Trainee: 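This is the structure I want to talk about, given as structure tokens.
Quick note: numbers below take in every heavy atom, side chains included, and nothing from hydrogens, waters or symmetry partners. Only a predicted model underlies this, so the values are computations on that prediction, with no experimental measurement involved. Note that the numbering runs from 1 along the sequence shown for the chain.
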Amino acid sequence: MPSRRRHSAHILAATLIWQSGLAVCATAAVAAQDPPLTVRIAIDAAANRHPISPLIYGLSFATTQTLRALRAPINRSGGNSASAYNWRLDARNAGKDWYFESLPVNPEDINDQFGERFVALTQAAGAVPMLTIPMLGRVARLGADRKPLASFSIVKYGPQQSRDVRGLADAGNGIAQNGEPIAGNDPNDASVPHDPQDETGRIKELVSKFGAAGPRNERYYLMDNEPSLWQLIHRDIHPVGAHASEIAGKVIAYARAVKAADPEARIVAPEEWGWQGYRYSGFDQQYAIAHGLDHPPDREHETHGMDYVPWLLAQWKQAGHPIDVFSLHFYPQGGEYSETGAAETPAIELSRNRSTRDLWDPDYKDPTWINSVVALIPRMRKWVDTYYYPGTPIALTEYNWGADATMNGATAQADLLGIFGREGLDIATRWGAPAPSTPVYKAFKLYRNYDGNGSAFGATSIADAVPDPDQVASFAALRDGDGAMTVTVINKQLDRAADVKLVLDHFADNGRAEAWQLARNAIARLPDAAYAGGLLHATLPPQSVTLFVVRGAAMGG
């Protein structure tokens with residue numbers, strides 16, 4: 001995990017002291033040059049009301065225990081290996097991620113579950129499973145006695161720049177020693193043909209064991225994984241980037257195959273990877289490596305100038321209603337998410353604080369190579385409303401802002417969950433389930449099970465305005481049942497406290513509030529307090545997430 005680096009000017013949080021209806025945070029040390037930032041948060045319980053989908057609190061490859069502890073409602077099995085999963089053999093091909101090897105699934109590894117075991121462990125926690133349907137046209141095969149096989153055998157294709165020194169020594173990385181990719185490999189070396197009818201058989205098996213999908217037995221099927229990157233991740237099987245028309249047609253064919261066996265199953269597509277994957281087909285992305293993007297062939301001749309993803313939606317609408325959920329993936333591109341565990345720096349942390357704007361802000365221009373306004377959630381909603389069927393659910397089925405082991409990662413994750421609810425996202429599944437010891441895990445817990453007894457953030461989003469969400473973000477919702485107002489306030493500042501005043505409108509003027517706070521990688525319940533005149537005041541430590549549970553009856557408006 002990335003290491004944590006702090007500035008020298010620290011503010012250490014102590015306990016909340018409630019006086020005359022005001023909350024004051026006593027601090028062990030406050031740097032004289034950095035007084036608390038004053039922040040006014042305006043909350044209106046009668047404005048901008050809309051339901052928050054519980055499915056935004058989803059995970060990927062989460063164990064039954066994690067799903068239960070975080071009350072996570074949905075669990076995704078996906079990623080690169082899922083694109084070549086052979087359900088008959090319970091085998092996967094790791095593609096570029098691990099020497100293009102076809103490997104038997106390890107039944108003890110949660111990250112290796114793509115089939116029946118995943119459905120069982122997910123449903124055991126009362127959560128909904130999301131399974132990936134491979135569309136590559138080929139899936140993994142194994143050798144005698146379930147031995148792994150290599151797509152780029154060193155014996156067969158010659159010495160390569162790298163090989164598997166921990167497992168199958170004959171497996172190379174597919175790059176010759178002169179730096180050229182090995183071309184013309186035989187796909188039969190480590191894979192077998194696969195078609196939509198084969199997936200019909202798979203779904204029939206699942207239905208026989210778990211019952212047909214329906215309102216009380218929901219099941220989602222994702223149409224492969226980031227298909228515009230097949231030519232990179234799975235070039236042993238699909239060396240030429242997929243044309244836009246190929247993906248449009250395959251989604252229709254595989255969706256029909258799934259529904260033939262399980263008519264009420266929910267189909268999720270296109271599962272594309274990021275900004276370039278929204279705009280250009282795999283064929284055009286591959287073409288651009290050598291020729292640039294001035295005249296990409298698919299954009300000129302297949303999509304006729306349209307961006308790739310909205311064009312797909314238009315084709316699917318013409319085909320009827322093959323998909324039920326519109327899905328994309330997104331990762332910040334400024335180094336915030338690092339699979340290599342690169343060291344954290346203050347610059348990266350500040351960038352992480354800002355980059356969540358990519359999901360919602362129409363005035364935020366991404367400063368990375370994207371160099372454009374993303375505003376992803378409203379963009380997705382506009383695309384489905386314009387090119388598909390208005391109101392179609394939208395999903396962010398893979399995202400991660402990194403830094404699981406730091407409070408900066410936790411404040412980002414808390415910000416994301418708040419954004420998902422406020423912006424009306426229907427489904428979100430974070431890539432990877434955070435470890436229980438991490439601050440990011442505890443950020444989920446603060447929203448879903450802060451007291452260990454199932455208490456959670458509210459289900460009806462309401463208006464909540466802050467002056468600068470890069471420094472202090474806030475999200476408010478009303479809770480069903482007890483009618484409490486829940487407010488999550490996130491002090492993102494690295495080394496500065498925040499002196500916040502919550503101004504509550506169209507809610508009881510007087511009442512009491514609980515406060516639960518995640519700071520320094522621990523959730524603590526702070527003393528309850530009375531509030532008066534619709535004002536609630538607190539001083540919050542740097543890099544903290546505080547959940548206020550305000551007790552009082554909402555007023556009409």
Side-chain angles (χ1 to χ4, degrees), residues 1-2 61 77-115 132 134 136-194 224-242 273 282 285-286 289-290 331 337-343 398 400 431-432:
M1 290 291 179
F61 294 111
S77 168
N80 294 332
S81 283
S83 292
Y85 175 66
N86 186 331
W87 67 275
R88 297 186 187 278
L89 295 180
D90 202 21
R92 63 185 179 91
N93 186 286
K96 186 181 179 182
D97 293 340
W98 194 257
Y99 298 99
F100 300 93
E101 292 179 30
S102 285
L103 302 159
V105 161
N106 178 357
E108 305 301 323
D109 186 350
I110 181 59
N111 297 303
D112 239 11
Q113 305 312 313
F114 304 99
T132 297
L136 271 168
R138 301 187 72 91
V139 293
R141 81 177 183 91
L142 300 175
D145 299 322
R146 297 181 60 78
K147 297 295 185 184
L149 293 174
S151 290
F152 294 105
S153 162
I154 293 171
V155 170
K156 184 171 183 177
Y157 298 107
Q160 296 166 47
Q161 286 190 340
S162 179
R163 65 180 179 88
D164 183 358
V165 297
R166 295 192 296 171
L168 183 59
D170 187 43
N173 70 342
I175 306 295
Q177 288 187 328
N178 65 1
E180 292 294 321
I182 294 171
N185 66 291
D186 183 355
N188 293 306
D189 289 343
S191 68
V192 294
H194 172 266
D224 213 283
N225 180 76
E226 302 179 349
S228 73
L229 295 180
W230 283 347
Q231 71 280 1
L232 296 177
I233 305 300
H234 296 287
R235 66 181 184 83
D236 56 325
I237 294 174
H238 202 294
V240 177
W273 68 272
Q285 291 179 55
Q286 188 174 38
I289 293 173
Y331 290 81
Y337 174 73
S338 173
E339 292 182 320
T340 62
E398 192 170 308
N400 192 309
W431 178 246

Trainee: Could you give the distance from CG (D186) to CZ (F152), rounded to the nearest 0.5 Å?
Mentor: 11.0 Å

Trainee: Does a side chain donor of either N225 or S83 reach within less than 3.5 Å of an acceptor in the other side chain?
Mentor: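 No, no side-chain donor-acceptor pair sits under 3.5 Å.
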
Trainee: Within a 6.0 Å radius of atom NZ on K147, are there more than 12 heavy atoms belonging to other residues, nucleotides or ligands?
Mentor: no

Trainee: What distance do D112 atom CG and S81 atom OG have between them, rounded to the nearest 0.5 Å?
Mentor: 7.0 Å

Trainee: Going by ring-ring contact (aromatic ring centres under 6.0 Å, His included), name the residues that satisfy it together with H234, two or more places apart in sequence or in a different chain.
Mentor: none

Trainee: Under a 4.5 Å cut-off applied to non-hydrogen side-chain atoms, are P239 and Q231 in contact?
Mentor: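 Side chain of P239 against side chain of Q231, heavy atoms only: no contact under 4.5 Å found.
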
Trainee: Could you tell me whether a side-chain N or O of Q286 sits under 3.5 Å from a main-chain N or O of G241, the two making a donor and an acceptor?
Mentor: yes

Trainee: What I'd like to find out is whether the side chain of L229 reaches to under 4.5 Å of the side chain of Q285, using heavy atoms alone.
Mentor: yes

Trainee: Report the C-alpha separation of D189 and S151 in whole Å, then their side-chain angles, then the decisive distance to 0.1 Å, and conclude whether the side chain to side chain donor-acceptor pair (under 3.5 Å) test is met.
Mentor: CA-CA 6 Å; D189 289 343; S151 290; over 6 Å; no

Trainee: Checking N173 side chain against Y99 main chain: does a donor-acceptor pair fall under 3.5 Å?
Mentor: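 Flag not set: sc N173 to bb Y99 has no pair under 3.5 Å.
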
Trainee: Are any of the side-chain heavy atoms of L168 and R163 separated by less than 4.5 Å?
Mentor: no

Trainee: Between the side chain of S102 and the main-chain N/O of A190, is any donor-acceptor distance below 3.5 Å?
Mentor: yes

Trainee: May I ask you to test the E398-W273 pair for a side-chain heavy-atom distance under 4.5 Å?
Mentor: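 Side-chain contact under 4.5 Å: no.
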
Trainee: Counting C-beta onward and ignoring hydrogens, is there a side-chain heavy-atom pair between V139 and V192 closer than 4.5 Å?
Mentor: yes

Trainee: Quick check: do W87 and F114 have side-chain heavy atoms less than 4.5 Å from each other?
Mentor: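 Side-chain contact under 4.5 Å: no.
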
Trainee: Checking side-chain polar atoms at under 3.5 Å, does D97 have a donor or acceptor matched by the opposite partner on N80?
Mentor: yes

Trainee: Please list all pairs meeting ring-ring contact (aromatic ring centres under 6.0 Å, His included) that have one or both residues in residues 156-181, counting only residues at least two apart or in different chains.
Mentor: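 Passing the test, one end in residues 156-181: no pairs.
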
Trainee: Is any side-chain heavy atom of L136 closer than 4.5 Å to one of H238?
Mentor: yes

Trainee: Does N86 form a side-chain contact (heavy atoms from CB on, under 4.5 Å) with R92? I'd like the steps, not just the answer.
Mentor: CA-CA 6 Å; N86 186 331; R92 63 185 179 91; over 6 Å; no

Trainee: Is it true that a side-chain atom of R141 and a backbone atom of A91 form a donor plus acceptor pair closer than 3.5 Å?
Mentor: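 Not a single qualifying donor-acceptor pair exists.
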
Trainee: D236 and N93: side-chain contact (heavy atoms from CB on, under 4.5 Å), yes or no, with the steps?
Mentor: CA-CA 10 Å; D236 56 325; N93 186 286; 3.9 Å; yes

Trainee: If we count only N and O atoms by modelled type, under 3.5 Å, do the side chains of D90 and Y85 hold a donor and an acceptor together?
Mentor: yes

Trainee: Would you indicate whether the side-chain heavy atoms of I154 and Q160 approach each other to under 4.5 Å?
Mentor: yes

Trainee: If you look at every heavy atom in P187 and R138, which pair is closest and at what distance?
Mentor: CB-NE, 3.5 Å

